[in-house]
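Inspection log for the structure reproduced underneath, given as structure tokens.
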Amino acid sequence: CTRFSVVRYGNVIGSRGSVIPFFMGLRPSGVLPITDARMTRFLITLPDAVRFILHCIEVMTGEEEFLPRMPTCTIGDLCEAFVGEDGWPIEYVGSRLAGEKAHEVIEPGGPSSEDTTAWQRLTVPEIREILEKENLV
């Protein structure tokens with residue numbers, strides 16, 4: 001009998017779909033285009049995501065939805081941590097995608113109105129430390 005479970009988590013720092021490689025590619029231009037500095041996103045490191053998945057495989061019985069409790073950060077704080085002392089200028093470009101949310105939501109059963117600002121919010125030094133540990137700055 002085949003059993004399925006679902007693992008959901010936020011932005012894997014430094015992965016191909018993460019904003020960090022996008023920022024890294026913009027380093028030569030010296031300008032970071034962002035939609036809104038107040039936007040919040042969940043963050044998880046690749047090692048933490050892998051550990052979480054392996055744990056879920058060990059405990060799953062089937063038909064569960066696994067969601068780790070992840071910290072959030074604002075896009076503005078992420079930019080500040082990424083540029084560090086370099087102080088790149090930020091260009092506000094506005095929303096690029098229809099329906100782009102200001103605050104990411106991850107809750108069992110799909111989207112809800114849960115306010116991510118109630119989750120642990122990373123500070124700029126904490127984000128910078130993560131980026132340095134992952135060799136992304």
Side-chain angles (χ1 to χ4, degrees):
C1 170
T2 303
R3 294 176 296 165
F4 294 93
S5 292
V6 175
V7 175
R8 296 175 57 211
Y9 45 80
N11 299 284
V12 179
I13 299 171
S15 69
R16 192 169 19 147
S18 157
V19 72
I20 300 300
F22 174 68
F23 286 170
M24 292 170 91
L26 294 174
R27 205 177 284 275
S29 78
V31 176
L32 286 180
I34 63 170
T35 55
D36 185 334
R38 299 167 298 175
M39 293 176 116
T40 58
R41 293 296 181 261
F42 290 103
L43 296 178
I44 190 168
T45 65
L46 181 58
D48 287 342
V50 170
R51 275 191 289 280
F52 182 68
I53 291 167
L54 293 174
H55 168 74
C56 294
I57 289 170
E58 288 177 8
V59 300
M60 68 172 272
T61 59
E63 299 184 23
E64 301 96 342
E65 184 174 19
F66 294 97
L67 305 167
R69 194 95 169 135
M70 295 167 288
T72 66
C73 75
T74 66
I75 297 301
D77 286 349
L78 180 61
C79 286
E80 187 177 335
F82 181 77
V83 300
E85 311 256 329
D86 297 341
W88 299 6
I90 294 173
E91 178 183 329
Y92 295 96
V93 296
S95 183
R96 294 176 297 159
L97 305 171
E100 185 173 27
K101 294 180 179 171
H103 303 289
E104 196 169 47
V105 175
I106 300 178
E107 185 173 299
S112 76
S113 60
E114 181 177 349
D115 182 3
T116 59
T117 59
W119 293 47
Q120 176 195 355
R121 177 71 57 86
L122 293 170
T123 64
V124 171
E126 290 170 328
I127 300 165
R128 181 73 184 190
E129 184 178 328
I130 292 167
L131 294 174
E132 288 173 350
K133 183 178 176 187
E134 298 295 314
N135 297 313
L136 296 169
V137 288

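- For the residue pair R38 and T74, no side-chain donor N or O sits within less than 3.5 Å of a side-chain acceptor on the partner.
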Exercise. Report the C-alpha separation of R128 and E132 in whole Å, then their side-chain angles, then the decisive distance to 0.1 Å, and conclude whether the salt bridge (charged side-chain N to carboxylate O under 4.0 Å, His left out) test is met.
Key: CA-CA 6 Å; R128 181 73 184 190; E132 288 173 350; 3.1 Å; yes

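- Between atom CD of residue E91 and atom OG1 of residue T35 there is a gap of 12.0 Å, rounded to the nearest 0.5 Å.
- One N or O on the side chain of E64 and one on the backbone of G62 form a donor-acceptor pair closer than 3.5 Å.
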Quiz item: Going through the distances and angles, do I13 and L131 end up as a side chain to side chain contact (heavy atoms under 4.5 Å, CB included)?
Solution: CA-CA 8 Å; I13 299 171; L131 294 174; 3.9 Å; yes

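- Side-chain N or O atoms of R8 include none that pairs as donor or acceptor with a backbone N or O of L67 at under 3.5 Å.
- Cluster annotation: Y9 and L54 are assigned to the same hydrophobic cluster (Ile/Leu/Val/Met/Phe/Trp/Tyr, side-chain heavy-atom contacts under 4.5 Å, transitive).
- Under a hydrophobic clustering in which Ile, Leu, Val, Met, Phe, Trp and Tyr are joined whenever their side-chain heavy atoms come within less than 4.5 Å, directly or via other members, Y92 and F23 fall into the same cluster.
- Within 6.0 Å of CD on E134 lie more than 12 heavy atoms contributed by other residues, nucleotides or ligands.
- With values rounded to the nearest 0.5 angstrom, I44 atom CD1 is found 12.5 Å from S18 atom OG.
- Here the CZ-SG distance, from R121 to C73, works out to 8.0 Å after rounding to the nearest 0.5 Å.
- Note that CG of L122 and CG of L78 are 9.5 Å apart. Values are rounded to the nearest 0.5 Å.
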